[in-house]
Amino acid sequence: MNTRPEDLHKTGMLALDRRAFLKGSAGLVVAFAIVDPVAVMAAGASSTDSVASPDSGKLYAWLAIRPDNTATLFTGKVETGTGVQTALGQIAAEELEFPIDRLDIVMGTTSETVDQGPTYGSMSVRYAGPQIRHAAAVARKALLDLAADRFKLPPQQLEVREGAVSVIGGAGQSVTFGELVAGKRLDIAIEASGTGFGLKVAPDAPVKDPSTYAVIGQSVRRKDIPGKVTGQFTYIQDVKVDGMLHGRVVRPYGVGATLESVDETGLKDIQGFVQVVRKGNFLGVVAETEWAAIQAAEKLGSGLDPQSPQAGQAKWSDWQGLPEQEAVWDTLRKTAGTNTSVAAKGSVDLALPFAEKTIQATYKTPFQMHGSIGPSCAIADVRTDGATFWSGTQMPHQMRADMSQMLGIPEDRIGAGLVGSMPVRENMVLSRYVEAPFSRRGWLDWQAILDFARRQIAAYDVRPTDPHLPVGLLSGGNQQKAIIARELAFSPRVLVIAQPTRGLDVSAIAFVHRALMNLRDEGCAIMLISDDLDEIFQLSDRIAVMYEGEIVRDTPVEEATVPTVGLAMTEGRMAGRNAA
Amino acid sequence: MRLVARPNRNSPLREAMMPVAAVAASLLICAVLILLAGANPLTAFGIMAKAAFWGKFALTETLARAAPLILSGLAALVALRTRFWNIGGEGQIIVGAMAAAWVGALTSLPTPLLIPFMLIGAALAGAALAAVPASLKTRLGVDEVVSTLMLNFIVMYLMQALLSGPWKDPVTGWTNSPSILRAAEFPVFWKGTRLHLGVLVAFLAVGVVGVIMKRTTLGLSMKIVGENPRAARHAGLDVTRVTLAAALLSGALAGLAGAGEIGGIQFQVIASISSGYGYAGIVVAMLARLSAAGIIPAALFIAAITTGADEMSRQTGVPFFIADAMQGICLIAVLVAMTLSRYQIRFRTSPERRATP
């Protein structure tokens, strides 16, 4: 019942590929192509999506009508259980004069829907409603005109009802929307300005008089409920992508416990076990079958908690940082974030002394977290040419922009580290070509430079491997590898390195970490600046915390824990507050 | 219709075709101008080509005229590669010419040293003049576009003041400097032509600059500074020194162009000793796509326009200034071609476009 008009609504290839297993679901898909850095540089634009959202100024961005006289509404809003899917459907059905049970609704899939702003603040019907209402009104008018052409009659002699246009007084002379559209895309330009909540769609559309409403204001069956009750709805947790493995997280002994060691003995004997995944304090296992993953996780200690931090094959530090129950309130008070004044009128200090009666009291509310009840889950399928995300987000379009930024190229790589227009070969010796063996008395030895570049490209797995390719054409991760390959090649005595693994994939991160550790063992003094706490704890011998240009804490790593380092950062902030 | 950025680098073929397309476009536009002047463009271009290349005299004249353009083009190439916007080629050519004329008239020098000293003196003078805006830029951050351009006028009026005062030709009383000594005149390689030593110097300079840019650390440093000064600084390059070196080299090359005009063509400083070679050098460098090898055909093309335009003007009545217009149009065309080559023109958006990642 929930098939989609693929043929009518051409969208991004990635989304099309994934649609097969999304059929019958309302799962969100956020897809985009990885930005080509050169195109961006040339165009001076921020991104060039090839699975871009449809143009809000086209009717097909909002509605599609199939030959069997069923229709689809496309909206950038998402259903979070509040019923906006049904409400927005009602608005569209009303203005379109279309039976609501023949209308299905695609929500939030970024390649198929217009960005109508995030779904929050009780603002979906209020802001997205009029946008959809006006688009649907334009569609009704367009269909009426199509019918007028067909019947060779003025539109005034025609009537639009229940997804069909009929001749007033003409017995049985009628044509359905599906017949009128005849399988085509609604390629009709409509007026659209602004974005998100501020998007104005077809302001002059001939909308219906609210007194004639037949669907809006009526109680209709919720669109989202049947799928959730019958199990047809694909929750994010059920989405599968090609080559996906089963995984289990091995939880730490406590929130602040650090992972000390992992003993992988015996894991290989579990049939279907693939590997242990460790990133800082995160520990997990992946396996071909769920049962193998469960077994491996239990061996590492996932089922033993809270027996002891050393009970499983993964050893954790004993962390006792949680506050006692009686101290919860005081702890929360100390870690309080920002206070926001909602309203201010007059002065409390001036008015209180004149009050007839003053009452002094303290009110406490329990700790409440604004969070998801179920385990959070999102799926990312990142390929060399693009990426698709499934997520229970309230702002899929925003998320696409964020993901694009995250996977894209941080600007500063090309800024000072590399000369984008020059080949990898030159960039590999950017700081060294004035020295032997790359040059002698001012004469370059291109063969030596080329050999060196080839060697470093191979050693650091820079791709593509062609040393003659302008470095600006490489992906961000590979540019980073190229920089690191250059900087670490000459056994520096001192190295100041900031965010060395940002934008790199897991294997590249491991490689860089290994290279840094080797360099340390060779006696190089390394100052690592990173916003990845795990990385800092994993690599550092000493950890220093800075706040407003001053070192507020500096200890060997053995004496540092995530909470104490975090506290140092917080204290720094609070001290700054008080001073101000 | 809209412009879309090309996803990939241009192929070498497209890169090579760019100046050709630019030249073709400027010829087309000039054809309209010639038409407006009342002549048949095809006939006019035919006369120009013949006057520039047909026969010993025409060919050698074009080569002789190409010499200062080659040197001035190389000067622009070196500077532009390093992103030192040297618009001061004209002034540097003039001081080079003045230095060569001064050395060439020195009776105190042993005759075999005259010509080498003229060349060295001219190069030093050009470099010294270029050093002024270069140090202003590196020390004080003064914009070199303005300072190099303005210096052209200072040098030009200084020269004219000299010519109407202390340097006035004592024999004729005209505003030309005294002639250089007979022994200071550049040898000519082919009797009856003006293929002088300066032409050989120009062609040798192409090789020298090519080697510097491709094979030396200095050349690579200049390119890196030009492409990304931040990365250059980060890599430990002394950006100030590299910029100064490029400016000095650029000035020296322009100065050599002045020496050629004195030693091989005029034998004295005249008011129109450079007549725009400094500016034309920028056109040559851009047409050559900033490659040393491209400088020779580009300079020959510009030289051919100027030699050919003389004859064309005589025969068809089209004003000689069409040559200047053509140079200007050529520069614009090559700039447009460079920009356009990074884009492709789409006449309509096909729905499939969105589907390609």
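- Inspection of non-hydrogen atoms places B:Lys214, B:Arg215, B:Thr216, B:Thr217, B:Leu220, B:Ser221, B:Lys223, B:Ile224, B:Glu227 of residues 214-227 of chain B under 4.5 Å from chain A.
- Between the side chain of B:Asn228 and the main chain of A:Gly420, no donor-acceptor pair closer than 3.5 Å is present.
- The part of A:Trp446 that comes within reach of chain B is its side chain, from C-beta onward, which places non-hydrogen atoms under 4.5 angstrom from that chain.
- Residue A:Leu430 comes nearest to B:Ala235 through the heavy atom pair O-CB, 3.5 Å, listed as atom of the first residue, atom of the second, then distance.
- For the pair A:Val419 and B:Ala231, the tightest heavy-atom approach, listed with the atom from each and the gap, is CG2-CB, 4.0 Å.
- Taking B:Phe84 as the reference, nothing meets the ring-ring contact (aromatic ring centres under 6.0 Å, His included) condition, with sequence neighbours excluded.
- Rounding to the nearest 0.5 angstrom, the gap separating the NE2 atom in B:His234 from the CG atom in A:Leu418 is 9.0 Å.
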